[in-house]
Structures are given as structure tokens and as C-alpha cells.
Amino acid sequence: MLDINLIREKPEWVKAQIAKLNDTAPIDEIVADDARRREILGEVEELRRQRNETSKQIGQWMGRLKKMEADLKRAEAGQDVGQSADQLRAQVQSLQFNADEAKDETREIGERITELDEELRQVEERLQHNMLWVPNIPDESVPVGPDDSHNILGDPQGAPEPQFDFEPKPHWDLGPELGIIDFERGVKLSGSRFYLLKGWGSRLQRALIQFFLDYHTEKHGYTEVYPPFMVRSEMFVGAAQLPKFKDNIYRDAEEDFMWLGTAEIALTNVHRDEVLDEADLPIKYVAYTPCFRREKMSAGRDVRGIKRGHQFDKVEMYRFTTPETSYQALEEMVQDAMDICEALGLRYRKVEMVTGDLGFAAAKKYDLEAWAAGCGEWLEISSISNCETFQARRANIKYRPAENGRLQYVHTLNGSGLALPRVMIAIIENNQQADGSIVVPKVLRPYMGVDVIR
RNA sequence: GGAGGGAUGGCCGAGUGGACGAAGGCAACGGUCUUGAAAACCGUAGUGGGCUUAUGCUCACCGGGGGUUCGAAUCCCUCUCCCUCCGCCA
């Protein structure tokens, strides 16, 4: 979510930024609703002030009334209370009259407050709804471009392009031949876009998960987290997945649970509604989770192999930082992911996203792509974003600066480290040998127990 | 799944519908005292919104949402979470 003050003060600038994303947002309606909201607020608060004042007055009268009535009772019983029963009776009556009159008046104020509140509620609801649909604003450093075809491709790094003295096969042939991927039975169980890993295939994935977690915790200082795989819908709003990406989410039919499309959703909300100390920042988490996505938007695309499924596994890096350090953190996270690529002997490249391909929540984003020799494609194996305060506002995550105690929103960053099926594709296809066997990368051998899958 | 009990400021913990943004304690911060520290004593302190900015004024917030009332931390409804007992269970 954006700062409403920014939209209020520079609506045209905000619109221009969003135009760079190739997106639109109801900025004019937001500005109008915001103005109306403050207008109503002024009125309703003045009314409330009046009501508070009168109510306090009534309260005092009621207190005195109680005392006087008690006195009256005693006077009527013949006790001396300083005044005659008749005098007291008259006073009680007059006070009662005043109180009743004030009550009537205040009741009317209350009715007007109720009316204004109702209008306020409607305005705020629409305002809030619209705010949730406004995308994040790109960082100044992001190159302007209309779509992904303009992304800035880095030079290939890591291992040299694999050479073969035979025709390299795609993983959808190699996998079944080796008995490590079973497409038919995956479809039998769950339908299209599901597959089964078997034997060394399953072991390879487990080895990769273990290796990623070990590497990031031991070498990069992340704390491992095992989150729930299904979380409440409110967490999806916090992570900026809802309302916009509703169609891509699996949900429970009876309860307000939704299945993670990425660990980012859970990790963003770990510190939801908290105030962190600056001394605790940065907080660095790494989590393995399966990811569930409907993939409605990409129906018919990437249907072969294990590149795009409704369920896949991923190890995700996540950081909470101060605003001053988030861009340095972004570069570090890219390096963290590249370190893994290097260790696995992948051929990879860094892609800098242009404004038109930033997506909804990121202010700046890099992808890492790995070369897969069999299908002859660069596969997206990581996506690393700085969301600045966009998610922090939605999930209400603040920190107390060491100097000058005013609370501020943290910056949040997320990045794959890495996404498994595509890393497996690269390994399987690049490391294949003429006989169909696959050489296991050195760093995985302790986890696999073998040098070659055959 | 059944029965009951809870949720109050950074933490603990009071709070018969009116003086309560909320006692008291602890922790924190500032000060006095001290060679220094501790102790003691005095004082300051929440978050968010709106208006105005020189100081300021005001509204909301006692788990979330709704209701009753002139007025709700307090009464009613509802949701969430926590605890105890019973049942079931990887």
C-alpha cells in the first residue's frame, strides 16, 4: 500500500509512476474520497466533542441527583438534612428536567453522528479497497520499459555453456527414462500440471532443499523458519497477494485458510502488527515450503515437463530492514542466490526488470535465469524484490529508530533461493551423459550419496 | 467435538455504566544525591487519525466487529485467540 499522503500531495506524479508500470489505478477517486473523508471527519469529530462535553455534564448532574434523592428520602422520613423535603423535591425536579433536556439534545447529536458515520464508513471502505489495488511505485533506478522484452539481460555467468557430442535431451524425456519423474501417475493422482518424483528424482529435490537451507543459514546468516503452509486470507492481503491475485490462490472450502503460493506470504506476516527495535534489524529468514498456484493466467503455457506446476517447492529468503539499508540488502540477496548457482555449477544470468515487468509489489526486482541445455531455455530460478514499505504498510510492521523515537515502517525484501523444479531441470539437462545418466554436482554428493544418477 | 474460564498500556495487574487513556507495581527515560555505581527520592512518558502549526486543539483506541445508552474497559450479540477439564487422535 502507498502512503495516502503521497497520493494526496502528488497525485499527478503518482499517476505518472504507475503509467511506467503499464498499469493504472483509481487515483482520482482516491483523492476525492480522501478529501471527503477528512471533511466528514471534521464534522463528526466536532459533534462527538459536543456530545462528550454534554454527557460529562449529565454525568455530574446524575451524581448530584442521586445524592439529593437520598437526602429527600431521609427528609421525608423526618431526618434533618439541612433542607426541607419540599425544597429538595423542587430541586430534584428541576435538575431532572435539565438532565432530560440535555439527553434529548444529545440524542439528536447522536443521530447525526450515526448518519455521518454511515457515510464515512462507505467512503472509507471504497478508499481502502482502492488503496489495496494501487501498485507499488518503482524506484528511480529501475529502467523504464513497457514489458519483459525490454528487461536488461546480464552476461551469462558461472559455468560455461555445456557441450555435448550427442543431442542433449529435455528433462521430460530424460526423467521418465531414468525413472525419476513420472508424469502419467502425477496426472492420474491430481490432473494436469502435477507430476511424481521417484527414487533419485525425489532424493535430488530433497538434497537441494537441504543444501539451500544449510548454505543460507551457515554462509549467509539467515535464520531457518518452518511456517504454516496454509494461512489466513488476511496474511495474503498483508503480502499484497489479495485482492489482486485472488484467482491464483487455492483456499479451504470451510475455513478461512489459503495455501501459500510462496513462503513470502507467511514470512511477511511473521512480524505483522509488531514494532521491532532497530537493533534487531536486519532480520533475515530462510524457509522451505511447497508453493501452490492455480496458474489460471498461464493456461496452456509451459505445459511440458516440471517447469510450471500447481505445486512446487522453493526455498525463500526474506529480510526486514531499515529504509536506509534495503537497497544494499537487495544486492546482497541477489549475491546470496548467485552463490548457490555458482556452487551448483549452473550457467546463469542476472536480469534487471524494467518498470513494465515489475509486478504489483516490487519497487525494484532482479531475476536469475539458469540455462537448461535440453530444452534450450533460460529458466527463471529466482526472483528477488525490494518491496520497500509496500507490504509493511499492509501488514503493519514498524520499527523504532535508535535515534529519534518516531515509529517507521520497515522495508521488506524477498527472493527465491532457489526455486526447485527449475534448478532440477538445469541440473538434469546440463549434466546428462550420452548413456542417459546424470552427473551429480559435487556439493550435492554428500546429500545424495552417489556421484551419478543412472 | 462437549463443558467452563479468560484477553486491559513495554510487562504484571486493578477497575459497582458517569471524574477512566485508564489505579498500583515492574521495566524505560530525565533529574537530585554520589569520586563512580547501586539504593533512595522527584519528574517524564502510548498508538493512530483530523485541524492548526509558535505553543496547540480535537477524535478514536482496554483482543476484532456490531448493538444498547445522553454516556461503555464495564451491559448484550458475534468472531478470533489463549487456558482448564472430558472425548478423539498422527
Side-chain angles (χ1 to χ4, degrees), chain A residues 1-9 30-70 94-129 131 226-238 251-252 254-258 266 269-280 389 392-410:
Chain A
M1 202 150 66
L2 298 185
D3 184 353
I4 184 68
N5 290 302
L6 183 65
I7 297 177
R8 183 185 302 154
E9 283 155 26
I30 286 172
V31 170
D33 282 338
D34 174 58
R36 180 67 187 137
R37 170 179 174 269
R38 286 181 296 149
E39 197 181 348
I40 301 172
L41 225 44
E43 280 182 65
V44 91
E45 283 185 2
E46 171 57 22
L47 290 173
R48 266 194 236 279
R49 194 194 59 72
Q50 286 175 25
R51 182 172 70 179
N52 288 347
E53 207 174 68
T54 317
S55 281
K56 208 166 262 184
Q57 177 65 250
I58 295 174
Q60 283 170 14
W61 286 341
M62 298 306 277
R64 273 166 56 197
L65 250 172
K66 225 181 214 171
K67 249 187 77 192
M68 282 164 63
E69 277 167 346
S94 130
L95 201 51
Q96 186 76 56
F97 180 80
N98 287 346
D100 286 347
E101 201 161 64
K103 280 185 191 182
D104 289 342
E105 238 172 73
T106 313
R107 190 180 296 119
E108 276 170 40
I109 293 177
E111 280 161 10
R112 282 167 59 206
I113 290 174
T114 305
E115 285 168 29
L116 286 171
D117 266 347
E118 175 55 22
E119 190 187 347
L120 185 64
R121 195 191 58 75
Q122 286 175 17
V123 170
E124 285 187 332
E125 192 180 285
R126 190 170 57 221
L127 183 61
Q128 182 66 10
H129 175 266
M131 287 295 284
Y226 171 84
F229 296 163
M230 40 202 279
V231 298
R232 280 198 258 260
S233 58
E234 195 49 34
M235 307 306 145
F236 281 72
V237 176
R251 61 182 187 279
D252 184 87
E254 291 181 19
E255 298 191 62
D256 182 31
F257 284 130
M258 293 180 145
N269 290 284
V270 167
H271 295 292
R272 183 189 188 82
D273 293 325
E274 289 184 23
V275 177
L276 306 167
D277 278 330
E278 179 167 1
D280 296 333
T389 61
R393 285 178 195 282
R394 289 173 168 244
N396 188 29
I397 313 162
K398 294 180 175 172
Y399 79 101
R400 190 180 299 282
E403 308 277 320
N404 179 8
R406 184 129 186 98
L407 303 188
Q408 285 192 54
Y409 289 108
V410 297

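Sequence lines set the chain letters: A, B, ... in the order given, protein chains first and strands last, and positions in each chain run from 1. The model shown is predicted, which means the values in this text are computed figures rather than measured ones.
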Give A:Arg36 one of three labels, base, sugar-phosphate or nothing, depending on what nucleic acid heavy atoms sit under 4.0 Å from its own. nothing
Quick one: A:Leu41 CG to B:C61 C1', roughly how many Å, whole number? 14 Å
Between atom CD in A:Glu274 and atom P in B:G48, what is the gap in whole Å? 16 Å
In whole angstroms, how far is the C1' atom of B:C61 from the CG atom of A:Asn396? 13 Å
Go ahead and name the base partner of B:A73; Watson-Crick or wobble counts if both distances stay under 3.5 Å, otherwise write none. none
Go through the steps to decide whether A:Val231 and A:Asn269 satisfy the test side-chain contact (heavy atoms from CB on, under 4.5 Å), and finish with yes or no. CA-CA 10 Å; A:Val231 298; A:Asn269 290 284; over 6 Å; no
In Watson-Crick or G-U wobble terms, both distances under 3.5 Å, what is the partner of B:G1? B:C86
Nearest-nucleotide pick for A:Glu45, side chain only, options being B:U47, B:C59, B:C51: B:C59
At under 4.0 Å, does any side-chain N or O of A:Arg8 touch on OP1 or OP2 of B:G50? yes
Hey, could you give me each pair passing salt bridge (Lys or Arg N to Asp or Glu O under 4.0 Å) that has a residue in residues 47-63 of chain A? Not counting sequence neighbours. A:Glu46-A:Arg49, A:Arg48-A:Asp117, A:Arg49-A:Glu53
Basic-acidic side-chain contact under 4.0 Å: A:Arg112, A:Glu115: no
If you check every side-chain atom of A:Arg48, which of B:U58, B:G49, B:A60 has the closest atom? B:A60
Suppose we define a pair by two distances each less than 3.5 Å, Watson-Crick or G-U wobble; what does B:A37 pair with here? none
Output the single nucleotide from B:U58, B:G48, B:A60 whose closest atom is nearest the side chain of A:Lys398. B:G48
More than 12 heavy atoms from other groups under 6.0 Å of CZ on A:Phe229: yes
Can you tell whether the side chains of A:Glu119 and A:Arg36 come within less than 4.0 Å, N to carboxylate O? yes
I'd like the P distance from B:A22 over to B:U58, given in whole Å. 14 Å
To the closest 0.5 Å, what do you measure between CD1 (A:Ile113) and CG (A:Leu120)? 12.0 Å
Just how far, in rounded Å, is C1' of B:U80 from CZ of A:Arg272? 13 Å
With sequence neighbours left out, write down each residue that passes ring-ring contact (aromatic ring centres under 6.0 Å, His included) with A:Phe257, or none if nothing qualifies. none
Send over the distance from A:Glu124 CD to B:G50 P, rounded to a whole Å. 10 Å
Protein-nucleotides 66-72 of chain B N/O pairs under 3.5 Å:
residue	atom	partner	partner atom	Å
B:C70	OP1	A:Arg107	NE	3.2
B:C70	OP1	A:Arg107	NH2	2.4
B:C70	OP2	A:Arg107	NE	3.3
B:C70	O4'	A:Lys103	O	3.4
B:C70	O2'	A:Ser55	OG	3.2
B:G71	OP1	A:Arg51	NH1	3.2
B:G71	O4'	A:Ser55	OG	3.1

Residue-phosphate contact under 4.0 Å: A:Asn52 side-chain N/O, B:U58 OP1/OP2: no
B:G4 to B:U47 separation - P atoms, rounded to the nearest Å: 41 Å
Nearest whole angstrom, please: distance from the C1' of B:G49 to the CG of A:Asn5. 11 Å
C1' spacing across the pair B:G46 / B:G10, given as an integer number of angstrom: 10 Å
Gap in Å between the two C1' atoms, one belonging to B:G25 and one to B:U8, rounded: 15 Å
Polar side-chain contact A:Gln60-B:G18 base: donor and acceptor under 3.5 Å: no
Which base, if any, makes a Watson-Crick or G-U wobble pair with B:A7, both distances under 3.5 Å? B:U80
What's the gap between B:A37 and B:A23 when it is taken at their C1' atoms, as a whole Å value? 33 Å
Determine the interatomic distance between P on B:A27 and the same-named atom on B:A38; round to the nearest Å. 12 Å
Give none if B:G21 has no partner; otherwise give the nucleotide forming a Watson-Crick or G-U wobble pair with it, both distances under 3.5 Å. none
Okay, side chain of A:Asp277, backbone of A:Ala279: is any donor-acceptor separation there less than 3.5 Å? no
How many Å lie between CZ on A:Arg38 and C1' on B:G48, as a whole number? 16 Å
Please give the distance between the P atoms of B:A73 and B:C82 as a whole number of Å. 27 Å
Same-atom distance (P) from B:U84 to B:C77, integer angstrom: 26 Å
A:Asp280 CG to B:G10 P, straight-line distance once rounded to whole Å: 16 Å
Paired to B:C61 by Watson-Crick or G-U wobble criteria (both distances under 3.5 Å) is B:G46
RNA chain B: A:Arg232 or A:Asp34, which has the more 5' nearest nucleotide? A:Asp34
So, OP1 or OP2 of B:G49: does either fall under 4.0 Å of a side-chain N or O from A:Arg37? no
In the structure I gave you, are the side-chain heavy atoms of A:Ser233 and A:Arg251 within less than 4.5 Å of one another anywhere? no
Can you measure from CD1 (A:Ile30) to CZ (A:Arg8) and round to the nearest 0.5 angstrom? 12.0 Å
